[in-house]
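As structure tokens, the structure follows; a few thoughts come after it.
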Amino acid sequence: MSYFVDKNGYYGQFGGAFIPELLHPNVQELEDNYLKILESESFKNEFRDLLDTYVGRPTPLYLAKRLSEKFGATIYLKREDLCHTGAHKINNTIGQILVAKHLGKKRIIAETGAGQHGVATATVCALMNLECIVFMGEVDIKRQAPNVARMKMLGAKVVPATSGSKTLKDATNEAIRDWIGNPEDTYYLIGSVVGPHPYPDMVARLQSVISKEIKEQLKAQTGNENPDMVIACVGGGSNAAGAFYHYLDEEKVDLIAVEAAGLGVNSGESAATSQLGEVGVLHGSKTILMQDEFGQVTEPYSISAGLDYPGIGPLHAFLHESKRAIFMNATDQEALDAAYELTKIEGIIPALETAHALAVLHKMKFEKNQVVVINLSGRGDKDLETYIANLKDE
Ligand SMILES: *Cc1c(COP(=O)(O)O)cnc(C)c1O
């Protein structure tokens with residue numbers, strides 16, 4: 001069985017490109033060129049150079065001694081929180097901005113919910129001196145004011161989506177409409193392993209630098225490039241795809257994907273897509289998504305804005321269906337507790353998204369020499385207000 005995309009853009013039954021007829025030329029252009037570009041020497045050199053000198057790669061693989069002691073395992077943290085802009089998202093936007101340049105595109109569009117992908121996109125557009133338009137739901141613009149300010153400071157134009165629920169899916173519709181209207185000069189920069197083929201595969205390949213480095217670093221530190229387990233949180237699934245990528249065919253390495261359970265999986269306020277979702281089409285691909293009996297996408301909920309997504313990428317839908325990855329989840333409170341715990345015992349304030357991955361340590365049994373790698377997808381500075389508001393006095 002292969003866990004990689006097939007030549008038609010599918011992972012098992014999931015994936016494909018379910019897009020309006022008018023979008024076919026744009027997506028076809030990308031599909032015809034993305035592998036040629038990603039595999040060209042000029043792209044590889046530019047990408048590696050920017051990852052090293054601008055993003056700050058390789059990020060450390062840190063043996064967390066006190067965390068290890070607490071859980072009775074050997075736990076390493078892959079420090080994506082130390083990337084420029086504070087999370088893994090920049091690996092993908094750096095890669096795609098280079099793809100856009102190779103295609104001769106002059107205008108970059110993106111959609112964002114929490115604003116983090118918008119910031120990562122605006123950052124690389126500033127770096128490359130390219131026009132940047134970010135579509136964002138009107139409600140999200142109000143909720144995420146600091147990220148909106150960052151995007152504007154970086155020179156991006158933030159366009160409010162005013163239809164529907166005025167959140168991410170409405171911003172996505174606006175971005176697609178814009179792309180249909182501007183097929184020649186515009187590149188649509190998607191922020192996770194979602195969207196029509198070839199986006200999920202392209203984003204997974206760009207983020208795969210994470211597991212490539214984990215292998216090299218583990219080999220150097222322990223003599224064995226394979227851990228027993230890799231744990232990552234899943235919103236759309238890009239940091240998990242990057243952390244899993246070079247381990248997909250190493251069946252002895254357990255892959256643990258952690259979703260946000262919000263107030264509880266069955267509370268009605270959750271984003272645990274694999275537990276609640278059904279097969280359907282979201283954002284141009286066939287995947288698992290949360291929907292009501294009429295097939296309408298339901299609004300997800302999580303305390304962490306980056307996991308608040310009603311679907312998962314098609315690769316993850318397939319990893320779930322094939323049981324190659326084990327899907328777990330953590331509630332808001334469990335994530336908060338895990339974030340305070342890591343901060344206290346390792347001196348690292350994780351992003352709320354990442355805290356979900358840390359929380360499942362409490363739900364597993366380990367053996368002392370078991371090697372566990374947790375992908376520390378981002379830093380928690382952006383979540384400080386939430387952390388302060390929920391802090392209990394001791
Ligand atoms: C956006 C984000 C996520 C969720 O996105 P994925 O595509 O699932 O990785 C996770 N962690 C952090 C820090 C993020 O910013």
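All ligand and atom numbering here is 1-based and tracks the order in the structure. As a basis for the values below, the full set of heavy atoms in this structure was taken, side chains included, without hydrogen atoms, waters or symmetry mates.
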Against heavy atoms of [X], which atoms of ligand 1 measure under 4.0 Å?
X: Gly235; value: 8 (O)
X: Val234; value: 8 (O)
X: Ala351; value: 13 (C)
X: Gly306; value: 4 (C)
X: Gly378; value: 13 (C)

Indicate yes or no: at least one non-hydrogen side-chain atom of Val297 is less than 4.5 angstrom from one of Asp292.
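They are not in contact (no side-chain heavy atoms under 4.5 Å apart), so the answer is no.
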Restricting to side chain to side chain donor-acceptor pair (under 3.5 Å), what partner residues turn up for Gln96, sequence neighbours left out?
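Counting only residues at least two positions away or on another chain, Gln96 forms a side chain to side chain donor-acceptor pair (under 3.5 Å) with Asn92, Tyr187.
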Identify the protein heavy atom lying closest to atom 6 (P) of ligand 1, giving its residue, its atom name and the separation to 0.1 Å.
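Minimum-distance protein heavy atom for atom 6 (P) of ligand 1 reads Ser238 N, 3.3 Å.
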Looking only at protein heavy atoms, identify the closest one to atom 3 (C) of ligand 1 and say how far it is in Å.
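Protein heavy atom with the smallest distance to atom 3 (C) of ligand 1: Lys89 NZ, 3.6 Å.
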Say whether Phe47 and Ile97 are linked into one hydrophobic cluster, either directly or through other cluster members, by side-chain heavy-atom distances under 4.5 angstrom.
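Result: yes, single cluster for both.
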Heteroatom distance test ([X], ligand 1): nitrogen or oxygen, under 3.5 angstrom:
X: Glu353; value: no
X: Gly237; value: yes
X: Gly191; value: no
X: Asn239; value: yes
X: Gln116; value: yes

Mode of Glu80 contact toward ligand 1 - side chain, backbone, both, neither (heavy atoms, under 4.0 Å)
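No part of Glu80 is near ligand 1 at this cut-off.
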At under 4.0 Å between heavy atoms, which part of His88 makes contact with ligand 1: side chain, backbone, both or neither?
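Just the side chain.
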Would you call Glu131-Lys157 a salt bridge at under 4.0 Å N-O?
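Between Lys157 and Glu131 there is no salt bridge, as every charged N stays at least 4.0 Å from the carboxylate O atoms.
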Are Glu80 and Arg57 ion-paired here, with the side-chain N under 4.0 Å from a carboxylate O?
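Answer for the salt bridge query: yes.
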Are His197 and Tyr10 near enough that their ring centres are under 6.0 Å apart?
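Not close enough - the centres of the two rings lie 6.0 Å or further apart.
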Of the choices Ala114, Gly380, Ser377, which has the non-hydrogen atom that lies closest to atom 13 (C) of ligand 1?
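When every heavy atom of Ala114, Gly380, Ser377 is considered, Ser377 comes closest to atom 13 (C) of ligand 1.
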For Tyr3 and Glu251, does a side-chain donor sit closer than 3.5 Å to a side-chain acceptor?
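The answer is yes; a qualifying pair exists.
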Polar contact flag, side-chain donor to acceptor under 3.5 angstrom, Asp49-Asn45:
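No - no donor-acceptor pair under 3.5 Å links their side chains.
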Considering residues at least two apart in sequence or located in another chain, which fulfil the side-chain contact (heavy atoms from CB on, under 4.5 Å) criterion with Leu22?
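Once residues adjacent in sequence are excluded, the partners of Leu22 under the side-chain contact (heavy atoms from CB on, under 4.5 Å) criterion are Ile180.
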So which of Gln221, Arg79, Glu346, Lys78 actually passes side chain to side chain donor-acceptor pair (under 3.5 Å) with Tyr62?
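Passing option: Glu346.
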